[in-house]
Number of protein chains: 2
Amino acid sequence: MNKHDLRVLKTKQNIHSALTNLLKKKPLTHIKVTELCKEANINRGTFYFHYQEVGDVFKEFFEEIMLDLKKSYNEPYYHTDFLNGKTLDPKTVRIFHHIKKYEDFYKIVFSQEVSSEYYYMLFDEIRSFGLENEHAVHQGKLNNYLHSYSANAIIGLIIEWYRHDFQESADEMNVHLVNILKL
Amino acid sequence: MNKHDLRVLKTKQNIHSALTNLLKKKPLTHIKVTELCKEANINRGTFYFHYQEVGDVFKEFFEEIMLDLKKSYNEPYYHTDFLNGKTLDPKTVRIFHHIKKYEDFYKIVFSQEVSSEYYYMLFDEIRSFGLENEHAVHQGKLNNYLHSYSANAIIGLIIEWYRHDFQESADEMNVHLVNILKL
DNA sequence: AAATATATTGTACAATTGTTCAATAAAATA
DNA sequence: TATTTTATTGAACAATTGTACAATATATTT
């Protein structure tokens, strides 16, 4: 299976737009392989040649989104540094802006029904940023735990945000974080 | 459907022990309804009278485990307060001991393939403990975010623990946490 | 342009799913 | 104990899944 083969590209494009369409009508977990193939005008055998289940297609979407998260996190950031007189953390605020940008996808990622794999993709990405303040280097094992602690704490905020249906702005979320870190 | 009916109790007992047996042989996501019913010696129609999918049975297990977590968290705690000369947080250490106690279940809960619903059950339980230091009462919204932040931070540690195959002891985990909180 | 490689198709198949329903068995209730 | 209630069974059904394969179509390579 050569992912540069034009046939493969075309097939995957069809499947991708088919899934995008179906997601407007029903939740990911309700979409059948048969249904997706019909919408994409491809043979079911072709689907199983590339994927195992519908969720794998969504995973491909989310892999792209993770690339964007990595990219936007590493880009120089030109954003207002203040909101309501509070200083914004220039590192984490990019995460919140990223989430807001892909709000519709994260509503799926954080839903109860889907597999945890997307959660862990986000977790590992944020974890790789190494968010733990300025406290330089620690001993190896503690550092591992600290990374997981910090990354998942941020995701805890995002879960709460998700449960508020992403009502707050990204900047407001960052203010919440700053306030928590000040405690 | 009366859950006190002896027939229901017997049926659920059979299904429960059938699932326990099958889980020794294969992962949760590979267990079919048909297979579970054969193992439990009950009719497939009976299964669908009580559940929707195999995961619902595991959810019943986990609901009991969440009750135990709540219970052990509220019990007076008689445990050594020191390890390697470090003070242990008497609140959080119970969570770690609880996880260790049900290690086998949490290996399922934290696995990539299963639905996120178990994760959220744990999250909501830990969140309800209100772990945020001694900083008294804050404004309503910040408090919501703080609870989710703190609860998920702890779970971040547990995820890391899970990835180390739960090698460390509960007390060592608590030392990690204490060290992180000191930063 | 011809030869080669391989992705896609169509078909078939067994197994599982999810639902329905009347008959039956086993409870709870009077 | 007799009556009533209802959980369980078994059977049937359409739909979906997951796999296999030869035939075909459409790429890539020479």
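Every chain is numbered from 1, with letters handed out A, B, ... down the list of sequences.
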**Message:** OP1 or OP2 of C:dA7 versus the side-chain N and O atoms of A:T46: is any pair under 4.0 Å?
**Reply:** no

**Message:** Output the rounded distance in Å from CZ (A:F47) to P (C:dG10).
**Reply:** 17 Å

**Message:** Taking A:E168's backbone N and O only, do any of them form a donor-acceptor pair with A:W161's side chain (distance below 3.5 Å, no angle check)?
**Reply:** yes

**Prompt:** What pattern of brackets, bars and dots sums up DNA chain D from 5' to 3', given Watson-Crick or G-U wobble pairs under 3.5 Å, [ ] for crossing pairs and | for another strand?
**Reply:** ||||||||||||||||||||||||||||||

**Request:** Please tell me which of B:K10 and B:V54 maps to the more 5' nucleotide of DNA chain C, matching each residue to the nucleotide holding its nearest heavy atom.
**Result:** B:V54

**Prompt:** Considering residues, nucleotides and ligands other than A:E64, do more than 12 of their heavy atoms fall under 6.0 Å from its CD?
**Reply:** no

**Asked** Does A:H50 have a side-chain nitrogen or oxygen under 4.0 Å from the phosphate oxygens OP1 or OP2 of C:dT8?
**Response** yes

**Message:** Has B:S169 got a side-chain atom pairing as donor or acceptor with B:E172's backbone, closer than 3.5 angstrom?
**Reply:** yes

**Request:** Please round to the nearest 0.5 Å and tell me the distance separating atom OG1 of A:T29 and atom CD of A:E53.
**Result:** 11.5 Å

**Fill in**
note: B:K3, atom NZ; C:dA27, atom C1'; distance rounded to Å ~ 18 Å

**Complete:** Ordered by number, residues from residues 29-38 of chain A within less than 4.0 Å of DNA chain D (heavy atoms) are A:K32, A:V33, A:T34

**Asked** Can you say whether the rings of A:Y118 and A:F58 are parallel (under 30°), tilted (30 to 60°) or perpendicular (over 60°)?
**Response** perpendicular

**Request:** Just jot down the salt bridge (charged side-chain N to carboxylate O under 4.0 Å, His left out) partners of B:K38, sequence neighbours excluded, or say none.
**Result:** none

**Fill in**
The nucleotide from C:dA7, C:dG10, D:dA7 with an atom nearest the side chain of B:N2 is D:dA7

**Prompt:** Do A:M121 and A:E63 come close enough that some side-chain heavy atom pair is under 4.5 Å?
**Reply:** yes

**Prompt:** Which whole-number value in Å describes the distance from B:N43 CG to C:dA25 P?
**Reply:** 14 Å

**Item:** Rounded distance in Å - NE2 (B:H4) to C1' (D:dT5)
**Value:** 17 Å

**Request:** Rounded off to whole Å, could you give me the CD-to-P distance for the A:Q13 and C:dA7 pair?
**Result:** 17 Å

Could you pull out the protein-nucleic contacts involving nucleotides 22-26 of chain D (nitrogen or oxygen on both sides, under 3.5 Å)?
unit_1, atom_1, unit_2, atom_2, d
D:dT26, O2, A:R7, NH1, 2.6

**Message:** Less than 4.0 angstrom from a charged side-chain N to a carboxylate O is my criterion; do A:K100 and A:E103 meet it?
**Reply:** yes

**Request:** In whole angstrom, give the distance that lies between atom CZ of B:F49 and atom P of C:dA25.
**Result:** 18 Å

**Message:** Here's a test for you: under side-chain contact (heavy atoms from CB on, under 4.5 Å), which of A:V175, A:N174, A:L181 qualifies with A:V178?
**Reply:** A:N174

**Asked** ring-ring contact (aromatic ring centres under 6.0 Å, His included) with B:F123: which residues, sequence neighbours excluded?
**Response** none

Under 3.5 Å, which protein N or O atoms sit close to an N or O of nucleotides 19-24 of chain C? Give each pair with its distance.
none

**Item:** Rounded distance (Å) that lies between atom P of C:dA28 and atom CE of B:M1
**Value:** 15 Å

**Any B:L36 side-chain heavy atom under 4.5 Å of B:K32 side chain** = no

**Message:** Can you measure B:D5 atom CG to C:dA27 atom C1' for me and round it to whole angstrom units?
**Reply:** 5 Å

**Asked** Taking B:R94 for the side chain and B:Y73 for the main chain, is one N or O donor matched with an acceptor at less than 3.5 Å?
**Response** yes

**Item:** ring pair (Phe, Tyr, Trp, His ring centres under 6.0 Å) between A:Y106 and A:Y162, intermediate numbers included
**Value:** CA-CA 8 Å; A:Y106 282 104; A:Y162 159 78; 9.8 Å; no

**Request:** Mind telling me whether A:F61 and A:F105 have parallel, tilted or perpendicular rings, with 30° and 60° as the class edges?
**Result:** perpendicular

